[in-house]
Amino acid sequence: MEIHENSRQSTIYSLKGRFGILTGAASGIGRACAIQLSKMGAGLCLIDLDKNGLQETQEIIKEYSKSIMILDIDAADEVAINKAVEKTLTEFNVIDFLVNCAGILRKTPFIDISTEEWDLMIKINLRGPFLLCKSVATHMVSRGSGVIINVASLAGRSSSLTGGAHYTVVKHGIVGLSRHMARELGPKGIRVNTFCPGATLTPMVTNSMDPEDIEAVAAKIPRGQWAKPEEQAAVVGFMLSDAAINITGACIDSNGGILMV
């Protein structure tokens, strides 16, 4: 009985034989997700503008998965996105899941945000996920199953600790997009959820914040420290697995408790 139960638990958390697209895979939470999902048995199409970073990620995960392809494209370019989905289907014949992790961070004070910077934030952090969701969902609807995770942020549940107002706005938009998609696509066999990580020590953060500011944020977190990218990736792996089969239209928080304070 115990052997049977262990086998069932192993299966429910497995992604073996499943294939999907992951954006923002060149570094940070995206790279950590690539490692986590490949260890769970998934085949992956990794997307990012940073070709060198993608190649480094591919090198790391090739020992865990033999089904890997990389595409250095702009995740907000509609033509490129549609071609990427077509290439993924040609390579894997199916897209079981999508994880939208690509994004940029800007901490410009509200009154200093230019129209150009505002538009760039909307383009990459909101328009991009919308385009990929739409393209992938079309395939998922035709086969009657699939899982989509849109990575937002603590900013989508409150306001950003590290980014500007435009960053908070797009992350709230991701939450709304995911919830609406979940309601429309649920009857068609597709689960859609938002993942809202809190302060996480990624290159995007360390490159844009002073060490003193990083320490100041840590002091505000009830857990007392920033999350590691691999800790966040483990949550994404759970969300994609059958262990989360009844979860859709949800915002899954992983923020060390700071949403409480």
**Request:** Identify, with sequence neighbours excluded, every residue that meets side-chain hydrogen bond (donor to acceptor under 3.5 Å, both in side chains) alongside Gln36.
**Result:**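 Result, side-chain hydrogen bond (donor to acceptor under 3.5 Å, both in side chains) vs Gln36: none returned.
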**Request:** Using the test side-chain hydrogen bond (donor to acceptor under 3.5 Å, both in side chains), find all partners of Thr138 that sit at least two apart in sequence or belong to another chain.
**Result:** none
If you measure from [atom1] on [X] to [atom2] on [Y], what distance do you get to the nearest 0.5 Å?
X	Y	atom1	atom2	answer
Lys51	Leu71	NZ	CG	10.5 Å
Ile60	Gln55	CD1	CD	12.5 Å
Cys251	Ile174	SG	CD1	11.0 Å
Phe97	Met239	CZ	CE	13.0 Å
Asp77	Leu132	CG	CG	12.0 Å
Cys33	Met40	SG	CE	10.5 Å

Taking a hydrophobic cluster as the set of Ile, Leu, Val, Met, Phe, Trp and Tyr residues connected by side-chain heavy atoms closer than 4.5 Å, whether directly or through intermediates, do [X] and [Y] fall within one such cluster?
X	Y	value
Leu177	Leu131	yes
Leu44	Tyr13	yes
Val94	Ile47	yes
Leu154	Ile221	yes
Leu54	Leu37	yes

**Request:** Begin from the C-alpha positions of Asp50 and Ser27 and carry the test side chain to side chain contact (heavy atoms under 4.5 Å, CB included) through to its verdict.
**Result:** CA-CA 9 Å; Asp50 181 359; Ser27 65; 5.8 Å; no
Within a reach of under 6.0 Å around [atom1] of [X], are more than 12 heavy atoms found that belong to other residues, nucleotides or ligands?
X	atom1	result
Asn207	CG	yes
Lys107	NZ	yes
Asn246	CG	no

**Prompt:** How would you list all residue pairs meeting salt bridge (Lys or Arg N to Asp or Glu O under 4.0 Å) that involve residues 228-257, not counting sequence neighbours?
**Reply:**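 Listed by first then second residue: Arg18-Asp242, Arg157-Asp253, Arg223-Glu231.
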**Asked** Checking side chain to side chain contact (heavy atoms under 4.5 Å, CB included) against His172, which of Val175, Thr168, Val169 comes through?
**Response** Thr168
**Message:** Among Thr202, Val99, Val235, which residue satisfies the side chain to side chain contact (heavy atoms under 4.5 Å, CB included) criterion with Ile29?
**Reply:** Thr202
**Request:** Using the ring pair (Phe, Tyr, Trp, His ring centres under 6.0 Å) rule, collect all pairs that involve residues 17-67, keeping only residues at least two apart or in two chains.
**Result:** Phe19-Phe92
**Message:** Going by ring pair (Phe, Tyr, Trp, His ring centres under 6.0 Å), name the pairs with one or both residues in residues 241-261, residues two or more places apart or in two chains.
**Reply:**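 Sorted pair list comes back empty.
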**Request:** Please confirm whether the backbone N or O of Gly53 pairs with a side-chain atom of Thr57, one donor and one acceptor, at under 3.5 Å?
**Result:** yes
**Request:** Run the numbers on Asp48 and Thr23 for side chain to side chain contact (heavy atoms under 4.5 Å, CB included), then give the verdict.
**Result:** CA-CA 6 Å; Asp48 202 292; Thr23 70; over 6 Å; no
**Message:** Glu91: which residues meet the salt bridge (charged side-chain N to carboxylate O under 4.0 Å, His left out) condition with it, sequence neighbours left out?
**Reply:** none
**Asked** Stepwise, does the side chain to side chain contact (heavy atoms under 4.5 Å, CB included) test hold for Val205 with Thr200?
**Response** CA-CA 8 Å; Val205 168; Thr200 307; over 6 Å; no
Minimum heavy-atom separation for [X] and [Y], please, with both atom names.
X	Y	result
Met140	Ile190	CB-CD1, 3.5 Å
Arg127	Ala76	NH1-O, 2.6 Å
Ala137	Leu185	CB-CD1, 4.0 Å
Gly257	Pro222	O-CG, 3.4 Å
Ile95	His139	N-NE2, 3.1 Å
Ser65	Ala42	OG-O, 3.1 Å

**Asked** What residues, two or more places apart in sequence or in another chain, satisfy side chain to side chain contact (heavy atoms under 4.5 Å, CB included) together with His180?
**Response**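 In terms of side chain to side chain contact (heavy atoms under 4.5 Å, CB included), with neighbours along the sequence ignored, His180 is linked to Arg183, Glu184.
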**Prompt:** Who pairs with Lys62 by side chain to side chain contact (heavy atoms under 4.5 Å, CB included), at least two apart in sequence or on another chain?
**Reply:** Glu59, Ile68
**Asked** Stepwise, does the side chain to side chain contact (heavy atoms under 4.5 Å, CB included) test hold for Ile148 with Cys133?
**Response** CA-CA 8 Å; Ile148 295 174; Cys133 282; 3.9 Å; yes
Side-chain touch [X]/[Y], heavy atoms, less than 4.5 angstrom:
X	Y	value
Leu259	Ser158	yes
Pro197	Val151	yes
Val147	Leu98	no
Thr194	Ile252	no
Asp72	Leu49	no

Return all side-chain donor-acceptor pairs below 3.5 angstrom for residues 116-123, not counting sequence neighbours, or 'none' if the list is empty.
unit_1: Glu117; atom_1: OE1; unit_2: Thr108; atom_2: OG1; d: 3.3
unit_1: Glu117; atom_1: OE2; unit_2: Thr108; atom_2: OG1; d: 2.6
unit_1: Glu117; atom_1: OE2; unit_2: His166; atom_2: NE2; d: 2.7

**Message:** Enumerate the side chain to side chain donor-acceptor pair (under 3.5 Å) contacts for residues 211-220, please, sequence neighbours excluded, ordered by first and then second residue.
**Reply:**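 Listed once each, the pairs would be none.
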**Request:** Scan residues 141-151 for pairs that pass side chain to side chain donor-acceptor pair (under 3.5 Å), counting only residues two or more places apart or in two chains.
**Result:**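 Qualifying pairs: Asp96-Arg143, Asn100-Asn150, Arg143-Ser145, Asn150-Ser178.
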Kindly list each side-chain donor-acceptor pair under 3.5 angstrom involving residues 81-88, sequence neighbours excluded, with atom names and distances?
unit_1: Asn82; atom_1: OD1; unit_2: Ser135; atom_2: OG; d: 3.1
unit_1: Asn82; atom_1: ND2; unit_2: Glu78; atom_2: O; d: 3.4
unit_1: Thr88; atom_1: OG1; unit_2: Ala84; atom_2: O; d: 2.8

